[in-house]
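All remarks here apply to the structure that follows.
All heavy atoms count here, side chains included; hydrogens, waters and symmetry mates do not. Every chain is numbered from 1, with letters handed out A, B, ... down the list of sequences.
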There are 2 protein chains.
Amino acid sequence: MTDVKSPVSPQASSLLYLREDELRRGIEFLFFGYRDFLSEADGELAAIGLGRAHHRALHFVGRNPDLPVSELLAILKITKQSLGRVLKDLLARRLIEQKPGRRDRRQRLLSLTPEGQALHARLLTLQRTRMARAFREAGPDAVLGFRKVLSGLISDDERPKVLAMIGGGA
Amino acid sequence: MTDVKSPVSPQASSLLYLREDELRRGIEFLFFGYRDFLSEADGELAAIGLGRAHHRALHFVGRNPDLPVSELLAILKITKQSLGRVLKDLLARRLIEQKPGRRDRRQRLLSLTPEGQALHARLLTLQRTRMARAFREAGPDAVLGFRKVLSGLISDDERPKVLAMIGGGA
DNA sequence: TAAATATGTCAACATGACTGACGTAAAATC
DNA sequence: GATTTTACGTCAGTCATGTTGACATATTTA
């Protein structure tokens, strides 16, 4: 019991940002930021009878034309049964289309129809608008930090794949 | 078709970080970071037969002893029926306890039992550990940016309440 | 006393995840 | 060429978590 009054938990002041309280705040910011960020697109989706699961599939297919089902499964980390239902809906509404792979004809390569692209673009614009405002208010350095921390939150064994797909550094 | 090769979408290079592509990357980082951040605690929870919904309630009650149900509802933004089921489970397992409010006896103030505190602490430590690693690798400036951007993603009308609860600036 | 508030509860339903089992076509391997 | 593996689909059942709508009860406020 040396330091009588030390509000700092770990050790030096250079590590203030690693105090328990700061970590808890980070956790909670992530919760609330994520919650509200998604709520907007959710509204649009609900209006046309789709859910988040459809949105996620639509997004990654849109971003990655001719994506095999297996890769989409790896990105979303859900079971094929869960994805199956979602894809069935999207195919029935002609938002997504399939074609067999050229090299491997067992594969069903997924891509968006023009209507799918339109919806994808609409949702992406919504989300980009919100993200753009947050980025603008926070500034370029903050944006870098935002990505750095989130990148660190990704599982070690997933990070290479994810970074390769997302593109760019950090 | 003037600028033949302009990789920049909006206008100046000072706004590079607001290009569509950078915004998309931010969106995707948020998706993957959130996905993997939660997966760890999910495992612990599944092992004892609880889910994310229980975790969220446990967390905010733990952080905010004597929390009225109405406030928990406002934090989680779910219906009282959904919360009711979760609280019923937590009460049955004696992880949470209720007591009537002193000033307003209609209220049921929620707090954690010792067992609830133990579980809360265990889960929080798990999450803090992961967050701490990401923070440490990213550095203090990045942490600030992380919080700034997430704060900007929170709905305008929610931000004051949330910031008041989370504490600290930005 | 009447109205509003805080909370709980019953019932029905939707979404999106899961497990487990089985089927088929194409590719890869022995 | 026969066998095994792979990519994908599908049927069936279950679970967790959200929803709406209606109604009940106790307590506070007007």
Side-chain angles (χ1 to χ4, degrees), chain A residues 31 34-35 38-39 41-61 66-93 96-111, chain B residues 31 34-35 38-39 41-61 66-93 96-111:
Chain A
F31 169 73
Y34 193 81
R35 183 195 70 175
L38 290 189
S39 65
D42 280 351
E44 277 278 306
L45 288 161
I48 55 176
L50 296 177
R52 283 188 189 182
H54 301 95
H55 186 190
R56 290 195 284 261
L58 196 76
H59 176 82
F60 288 108
V61 170
D66 289 341
L67 188 69
V69 171
S70 57
E71 281 198 32
L72 184 52
L73 283 173
I75 291 171
L76 299 176
K77 289 226 199 141
I78 58 176
T79 58
K80 64 177 173 179
Q81 293 89 333
S82 296
L83 180 58
R85 221 174 4 199
V86 169
L87 287 183
K88 208 168 103 180
D89 292 347
L90 293 172
L91 288 165
R93 288 174 181 241
I96 276 191
E97 59 190 1
Q98 295 177 328
K99 69 177 180 192
R102 293 158 325 219
R103 288 199 319 255
D104 186 338
R105 288 185 336 219
R106 289 172 305 179
Q107 293 184 328
R108 315 253 175 125
L109 306 183
L110 305 169
S111 49
Chain B
F31 169 73
Y34 192 81
R35 182 195 71 175
L38 290 189
S39 66
D42 280 352
E44 278 277 306
L45 288 161
I48 55 176
L50 296 177
R52 283 187 190 182
H54 301 95
H55 186 190
R56 290 194 284 260
L58 197 76
H59 176 82
F60 288 108
V61 170
D66 289 340
L67 188 69
V69 172
S70 57
E71 282 198 30
L72 185 51
L73 283 172
I75 291 170
L76 299 176
K77 289 225 199 143
I78 57 176
T79 58
K80 64 177 174 178
Q81 293 90 332
S82 295
L83 180 58
R85 221 174 4 202
V86 168
L87 287 182
K88 207 168 103 178
D89 292 346
L90 293 172
L91 287 165
R93 287 175 182 241
I96 276 191
E97 58 188 5
Q98 295 177 328
K99 68 177 182 196
R102 292 158 326 216
R103 289 197 319 254
D104 186 338
R105 287 185 337 218
R106 289 172 305 181
Q107 293 185 327
R108 314 254 174 125
L109 307 182
L110 305 169
S111 49

With sequence neighbours excluded, residues passing salt bridge (Lys or Arg N to Asp or Glu O under 4.0 Å) with B:Arg52: B:Asp42
So does B:Arg108 get a side-chain nitrogen or oxygen closer than 4.0 Å to the phosphate oxygens (OP1/OP2) of C:dG8? yes
Rounded to whole angstrom units, what separation is found between the CD atom of A:Glu71 and the C1' atom of D:dA7? 12 Å
Atom pair distance, as rounded to whole Å: CG in A:Leu73 and P in C:dA17: 11 Å
Which residues pass the side chain to side chain donor-acceptor pair (under 3.5 Å) test with B:Ser70, not counting sequence neighbours? none
For B:Leu38 and C:dA17, what is the distance between atoms CG and P respectively, to the nearest whole Å? 14 Å
Distance, rounded to the nearest Å, where B:Leu72 contributes CG and C:dG8 contributes P: 10 Å
Side chain to side chain contact (heavy atoms under 4.5 Å, CB included) between A:Lys80 and A:Val69, intermediate numbers included: CA-CA 9 Å; A:Lys80 64 177 173 179; A:Val69 171; 6.0 Å; no
Please tabulate, for the side chains in residues 100-111 of chain A, all donor-acceptor contacts under 3.5 angstrom to protein atoms that are two or more places apart in sequence or on a different chain.
residue: A:Asp104; atom: OD1; partner: A:Arg106; partner atom: N; Å: 2.9
residue: A:Asp104; atom: OD1; partner: A:Arg106; partner atom: NE; Å: 3.1
residue: A:Asp104; atom: OD2; partner: A:Arg106; partner atom: NH2; Å: 2.9

Calculate the interatomic distance between A:Leu83 atom CG and C:dC18 atom C1'; express it in whole Å. 14 Å
What's the shortest heavy-atom distance between B:Leu45 and B:Gly51, and which atoms? CD1-O, 3.8 Å
Looking at B:Arg93 and B:Ile48, what are the two nearest heavy atoms and their distance? NH1-O, 2.9 Å
Per-nucleotide protein contact string for nucleotides 11-17 of chain D (B base, S sugar-phosphate only, - none; heavy atom under 4.0 Å): B-----B
Within the distance-only criterion (no hydrogens, no angle test), does the side chain of A:Arg35 pair as donor or acceptor with the backbone N or O of B:Ile75 below 3.5 angstrom? yes
For the pair A:Tyr34 and B:Tyr34, name the ring-plane relationship: parallel under 30°, tilted 30 to 60°, perpendicular over 60°. parallel
Grab the CG-C1' distance between A:Leu87 and D:dT10 for me, whole Å please. 13 Å
Which atom pairs link the protein and nucleotides 28-30 of chain D when you take only N or O atoms and keep those under 3.5 Å?
residue: D:dT28; atom: OP1; partner: B:Arg105; partner atom: N; Å: 3.1

side-chain N/O A:Thr79 vs C:dA17 OP1/OP2, d < 4.0 Å: no
Nearest whole angstrom, please: distance from the P of D:dG18 to the CG of A:Leu45. 18 Å
Separation of C:dT19 P from A:Lys80 NZ (nearest whole Å): 12 Å
Are any of B:Ser70's side-chain N or O atoms less than 4.0 Å away from OP1 or OP2 of C:dT5? no
So what does B:Gln98 touch, heavy atoms closer than 4.0 Å: a base, only the sugar-phosphate, or nothing? sugar-phosphate
Ring pair (Phe, Tyr, Trp, His ring centres under 6.0 Å) partners for A:His59, two or more places apart: A:His120
